[in-house]
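Values reported hereafter were calculated over all heavy atoms of this structure, with side chains retained and with hydrogens, waters and symmetry mates removed.
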Amino acid sequence: TALIEAHAKLESRVLERTAELSIANEKLAQEIEESRKAGKALQESNERYRTLIESVTDAVVIVDPDGKLTYLNPECEKISGYRVEELIGRSFTELLPPEHVESTLERFRQGLSGANPPIAEISILHKDGSQVPVEINSTKLLDAEGRLVGRITVIRDISERKRLEAHLLQRQRLESI
């Protein structure tokens with residue numbers, strides 16, 4: 001009879017443990033499904049983001065805290081004359097004419113320290129040696145934990161606007177004579 005009681009107790013414990021494991025398996029299956037759905041949503045979100053960034057008509061660059069270019073959208077090639085692959089890993093200051101290096105570095109440092117510098121007009125060096133007038137607008141880039149991982153900058157080619165402004169100024173000068 002002691003053996004029968006021990007066997008019954010053991011059988012009861014096995015049934016309890018099996019029920020616990022069954023509940024744990026169901027929870028795990030739910031978590032796996034939720035994780036799969038979240039992963040799919042993240043992938044879709046990343047694809048939408050990439051499509052948006054790569055189809056805008058302004059250049060978009062990401063610069064790490066050391067000033068190295070880590071991402072450039074295809075529009076950067078049109079503005080700078082360089083292929084994206086030629087610029088990845090290089091300092092953004094290599095694209096600046098000497099007269100804009102210090103002020104742009106100062107804006108970059110301000111941005112890394114939390115400030116939000118206003119939109120600025122500068123020039124960048126084209127691969128052919130010419131200078132391209134641009135408008136830059138930067139903001140901080142944070143990781144998922146909210147840590148600063150760099151700056152994201154939108155660069156707009158304002159060559160046509162500058163050409164029209166110069167034409168208008170010249171015309172006004174001629175009319176005032």
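For NZ of Lys78, the number of neighbouring non-hydrogen atoms (other residues, nucleotides, ligands) closer than 6.0 Å is 12 at most. A 6.0 Å sphere centred on CD1 of Ile4 holds no more than 12 heavy atoms belonging to other residues, nucleotides or ligands. Heavy-atom contacts from other residues, nucleotides or ligands closer than 6.0 Å to CG of Leu3 number 12 or fewer.
A pairwise comparison of heavy atoms in Ser123 and Gln131 identifies CB-OE1, 3.5 Å as the closest pair. Shown here for Tyr82 and Arg90, the closest heavy-atom pair between the two residues is CE2-NH1, 4.1 Å. Residues Gln110 and Pro117 approach most closely at OE1-CG, 3.8 Å, considering heavy atoms. Considering every non-hydrogen atom in both Leu142 and Val149, the closest pair reads C-CG2, 4.0 Å. Contact detail for Arg151 and Asn116: the closest heavy-atom pair is NH2-OD1, 4.5 Å.
Not one N or O on the side chain of Thr104 forms a donor-acceptor pair closer than 3.5 Å with the backbone of Val101. Counting only distance, with no hydrogens or angles, the side chain of Asp157 and the backbone of Val134 share no donor-acceptor pair below 3.5 Å. At distances below 3.5 Å, at least one donor-acceptor pair connects side-chain atoms of Arg107 with backbone N or O atoms of Pro118. Looking only at distances, no side-chain donor or acceptor of Glu175 sits under 3.5 Å from a matching main-chain atom of Gln172.
One finds a salt bridge joining Asp143 and Arg147 here, because a Lys/Arg side-chain nitrogen approaches an Asp/Glu carboxylate oxygen to under 4.0 Å. For Lys27 and Glu33, the salt-bridge test fails: no basic side-chain N is under 4.0 Å from an acidic carboxylate O. Salt bridge Arg156/Glu121: absent, no basic N to carboxylate O contact under 4.0 Å. Look at Arg50 and Glu47 and you find no salt bridge, because none of the NZ, NE, NH1 or NH2 atoms lies under 4.0 Å from a carboxylate O.
Proximity of Pro65 to Leu148: side-chain heavy atoms (C-beta onward) are nowhere separated by under 4.5 Å. In this structure, the side chains of Ser159 and Lys162 stay at 4.5 Å or more apart for every pair of heavy atoms.
Applying the side chain to side chain contact (heavy atoms under 4.5 Å, CB included) rule to Ile119 yields the partners Glu135, Asn137; only residues at least two apart in sequence or on another chain are considered. With sequence neighbours left out, the salt bridge (charged side-chain N to carboxylate O under 4.0 Å, His left out) criterion links Lys40 to Glu44. Considering only residues two or more places apart in sequence or on other chains, Glu165 meets the side-chain hydrogen bond (donor to acceptor under 3.5 Å, both in side chains) condition with none of them. Taking the side-chain hydrogen bond (donor to acceptor under 3.5 Å, both in side chains) definition, one finds that Ser80 meets it with nothing, sequence neighbours left out.
The ring-ring contact (aromatic ring centres under 6.0 Å, His included) contacts involving residues 101-122 comprise Phe92-Phe108, where partners must be two or more places apart or lie in separate chains.
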Quick one: side chains of residues 7-20, donor-acceptor pairs under 3.5 Å with protein atoms, not counting sequence neighbours, listed by atom name and distance.
{"from": "Arg17", "atom 1": "NH1", "to": "Glu20", "atom 2": "OE1", "distance (Å)": "3.0"}
{"from": "Thr18", "atom 1": "OG1", "to": "Val14", "atom 2": "O", "distance (Å)": "2.7"}

Query raised in the report: How far apart are the C-alpha atoms of Glu34 and Lys37, what are their side-chain angles, what is the distance that settles it, and do they pass the salt bridge (Lys or Arg N to Asp or Glu O under 4.0 Å) test?
Result: CA-CA 5 Å; Glu34 288 172 9; Lys37 286 179 181 175; over 6 Å; no
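Separation of atoms CG (Leu164) and CD1 (Ile158) is listed at 11.5 Å; rounding is to 0.5 Å.
Grouping the Ile, Leu, Val, Met, Phe, Trp and Tyr side chains by contacts below 4.5 angstrom, directly or via other members, places Val132 with Val84.
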